[in-house]
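Notes for the one structure printed next.
Heavy atoms only: backbone and side chains are in, while hydrogens, waters and symmetry mates are out. All residue numbers refer to positions in the sequence shown, counting from 1.
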Amino acid sequence: MDTTDATNWETALLTGGPVDGAHMRVTGRPWVIQVTRPCAPDDVPDGVRVEAVYVYRRDARVKDQPLRYGFDAASP
């Protein structure tokens with residue numbers, strides 16, 4: 001169980017996938033980070049939004065900053 005205080009920001013690094021090398025700040029050491037990219041669909045009802053979804057999972061072996069999140073091609 002993670003004991004990181006949710007008010008403490010930590011640096012995270014995303015590896016692989018569409019945002020390889022991106023750095024960000026996270027709190028509470030989430031297990032999964034979801035990245036979305038808007039798509040341009042044809043012929044959909046007004047108000048419908050289509051997005052590509054990419055999932056990154058935290059590497060539990062990394063205990064120090066930057067935390068590492070690897071691209072999970074099999075998700076969602």
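By the criterion of side-chain heavy atoms lying less than 4.5 angstrom apart, applied directly or through intervening Ile, Leu, Val, Met, Phe, Trp or Tyr residues, Val62 is not grouped with Leu13; the two fall into different hydrophobic clusters. The hydrophobic cluster containing Val26 also contains Tyr54, counting ILVMFWY residues as joined when their side-chain heavy atoms lie under 4.5 angstrom apart, directly or transitively.
Rounded to the nearest 0.5 angstrom, Ile33 CD1 and Arg58 CZ are separated by 9.5 Å. To the nearest 0.5 Å, the span separating CZ on Arg29 from OH on Tyr69 amounts to 8.0 Å.
Residue pairs meeting the salt bridge (charged side-chain N to carboxylate O under 4.0 Å, His left out) criterion with at least one member in residues 45-55, sequence neighbours excluded, are Arg49-Glu51.
Taking Asp20 as the reference, Thr15 meet the side chain to side chain contact (heavy atoms under 4.5 Å, CB included) condition, with sequence neighbours excluded. Tyr56 is linked by a ring-ring contact (aromatic ring centres under 6.0 Å, His included) to Phe71, counting only residues two or more places apart in sequence or in another chain. Legend: residues meeting salt bridge (charged side-chain N to carboxylate O under 4.0 Å, His left out) with Arg25, ordered by chain and number and at least two apart, are absent. The salt bridge (charged side-chain N to carboxylate O under 4.0 Å, His left out) test applied to Arg37 returns no partner, not counting sequence neighbours.
Using a 4.5 Å heavy-atom threshold, the side chains of Gln34 and Val53 count as touching.
Across every non-hydrogen atom of Ala52 and Cys39, the tightest pair is N-SG, 3.6 Å. Taking each heavy atom of His23 and Thr11 in turn, the nearest pair found is CD2-CG2, 4.1 Å.
Other residues sharing the hydrophobic cluster of Val50, ordered by chain and number and joined by side-chain separations under 4.5 Å: Val44, Val48.
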Step by step, work out the side-chain contact (heavy atoms from CB on, under 4.5 Å) result for Glu10 and Thr27. CA-CA 6 Å; Glu10 295 182 279; Thr27 62; over 6 Å; no
Would Val35 and Leu14 satisfy side-chain contact (heavy atoms from CB on, under 4.5 Å), going step by step from the backbone distance to the final call? CA-CA 10 Å; Val35 174; Leu14 302 183; 4.1 Å; yes
